2 protein chains.
Amino acid sequence: MEQLPSLDDLSLFVDVAREGGLAGAARRTGATVPTISRKMTALERQMGRKLFERGPRGYALTAEGRAVLEQLQDLKDVQARLMRSLGQPDAVRVRVTAGAWTASYLARRLAQVWDKDDPWRLEFVESTRMLDIARRDADIGIRSRRPDQPWLAGRRTSKVEFAVYAASDDVRGFVALSADGPLTPSVRWVREQHGAEIITTACEEGTLVDLAVAGVGRVVMPTFVAKDVQGLKQVGPIIPELSHDEWLVCHHEARHDPPIRAALEAVASLLTSKP
Amino acid sequence: MEQLPSLDDLSLFVDVAREGGLAGAARRTGATVPTISRKMTALERQMGRKLFERGPRGYALTAEGRAVLEQLQDLKDVQARLMRSLGQPDAVRVRVTAGAWTASYLARRLAQVWDKDDPWRLEFVESTRMLDIARRDADIGIRSRRPDQPWLAGRRTSKVEFAVYAASDDVRGFVALSADGPLTPSVRWVREQHGAEIITTACEEGTLVDLAVAGVGRVVMPTFVAKDVQGLKQVGPIIPELSHDEWLVCHHEARHDPPIRAALEAVASLLTSKP
DNA sequence: GAGTTTGATTTCAAAAATGGAACAATTGCC
DNA sequence: GGCAATTGTTCCATTTTTGAAATCAAACTC
């Protein structure tokens, strides 16, 4: 047997074996008896094995046929499972890549725009790993610049502004992201302006916030995120160098993909309504 | 989707998705690009879902397509496994139903006629459970009478004779099968002739032999089995009432099934050469 | 910016698969 | 023993599927 017989023919073989004949298999599958007859003889020819004993009361498996049937058990299992699952497929997963700050903001508010019965589901993917929307590694991206690639569609959502926050006015020193990670503008700004005052570093934004709340140091973070954090107060002005627009980006063609479109609208509504 | 799409089409869908386009899938599967193109549009129509985004560089999955692809992962696994396993299928298992005595005898001598590279393998199935060769529950049966059903083919192998054995001449009493099991002629004979002398009972013939070797009692068993047992000597004459012919039986059509035929010959050669 | 490459669709004739009807073989039933 | 019922196969006309060639479209290349 140089190559695998058609999966459909193998599946049909199982039906014939289980029904004990062509007539039963025909009733079950909807194909006609002559068709199945020809398919089974062709299958035997292709596999070079006699699979059935033809008797006047139907088909009986040969010893070889029984051995083959055993191998095909899973095939029918998979088929049955697909039958059920393809009917109502899992909610489509729309992958969104966003910085940790924005991801956190989205995650907190997602319930406002998403219901568990919606036909899509957000899936946050690391934006540190360089992900390419053009290559469809992610469906939706949140970036700080208008995309210049022509095949990406972008829309502005709102302005992002950074300020310094701390548990109280008298906290000195800063907590900052470690320099191993991606050097975003805000990371660079802290190191340039207050490099000497950095008390401790962390590798995740969430940890940074926890440290700041605990009074370990001041933290530079976006205003729209800080609003959600209990126990932090703004202790400095908006940092003009770090202010930028925020762009919602997706592949040009993906915009016409209904689930992606729905997710895009939901994310956009959250981000543009940012105070 | 009222009914499951063809497994072959689903498999093809996975190929297209993995290759990222029709051209790649065509190279992989051997079908031509137009064919695959038509099949994929038909699949989308049947499933009522847009699975791909057609771009000038090939096909890209939609979010829905990705969800479907995930569901189909196993399908390809099964297909790959079948590819390997159907090539060299397991050795065919020929099911033989025999009484415990004969099964034991066959098992001991099987190596004389069977090699692990043979394309068939004997599988002993309980003969206590009523198995019907006509219904193909077993392929080969060993019986004590010529079969009277016309669709069973039988051949005589040799005469089976019973006698009383014991560890030594001075062992008194008998060990016998318990009366719960099937009442074979030899079981009935012991209970009728020596019912009062039964020391202990067992439910398996093997245990019975062990008991007899240990000197617990005498045992009624076939001469051809007793020859294999170290430590037992014949302590009585052949019991004429229990002598009978032994018949090798199989379904008439199964005789033409090469592996069954081979097994049949092997078993027959063992049984007819019985001393 | 014209030409080449890559990838998909459409067209059309040939090949293959299909289903109905006729036929054959056997079982089961009076 | 004959008749109806069940099960498969063969034959043939029809439908469907297929592949080669032509066409189209976008994207690289020089």
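What you are looking at is a predicted structure, and each value in this text was computed from that prediction instead of being measured. Values below: all heavy atoms of this structure, side chains included; hydrogens, waters and symmetry mates excluded. So that the names make sense, note that chain A is the first sequence line, chain B the second, and so on, each numbered from 1.
- Contact check, Tyr59(A) against dT6(D): no side-chain N or O comes under 4.0 Å of OP1 or OP2.
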Only pairs under 3.5 Å count here: list side-chain donor-acceptor contacts from residues 16-27 of chain A, not counting sequence neighbours, and write none if there are none.
unit_1	atom_1	unit_2	atom_2	d
Glu19(A)	OE2	Arg28(A)	NE	2.9
Glu19(A)	OE2	Arg28(A)	NH2	3.1

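- For Arg57(A) against dG8(D), a side-chain-to-base donor-acceptor contact under 3.5 Å is absent.
- Protein chain A contacts DNA chain C from dT18(C) to dT27(C), reading 5' to 3' and using non-hydrogen atoms of the protein with a distance under 4.0 Å.
- Panel note: side chain Ser144(A), backbone Glu246(A); no donor-acceptor pair is recorded below 3.5 Å.
- Here dT16(D) presents its C1' atom at 13 Å from CZ of Arg38(A), a figure rounded to the nearest Å.
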Next on the checklist: Evaluate Glu44(B) against Arg54(B) for salt bridge (Lys or Arg N to Asp or Glu O under 4.0 Å), listing each step before the verdict.
Outcome noted: CA-CA 13 Å; Glu44(B) 286 182 316; Arg54(B) 273 88 168 159; 2.8 Å; yes

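- Without hydrogens or angle criteria, Thr62(B) side chain to Lys50(B) main chain gives a donor-acceptor distance under 3.5 Å.
- Not a single donor-acceptor pair under 3.5 Å links the side chain of Thr97(A) to the backbone N or O of Gly141(A).
- Counting non-hydrogen atoms of neighbouring residues, nucleotides and ligands closer than 6.0 angstrom, the CZ atom of Arg261(B) reaches no more than 12 such neighbours.
- Judged purely by atom type and a 3.5 angstrom limit, Lys76(A) has no side-chain atom pairing as donor or acceptor with the backbone of Val78(A).
- The stretch residues 18-36 of chain A touches DNA chain C through Thr32(A), Pro34(A), Thr35(A), each having a heavy atom within less than 4.0 Å of the strand.
- There is no side-chain donor-acceptor pair under 3.5 Å between Glu205(A) and Ser104(A).
- Rounded to whole Å, atom C1' of dT7(D) lies 14 Å from atom CZ of Phe52(A).
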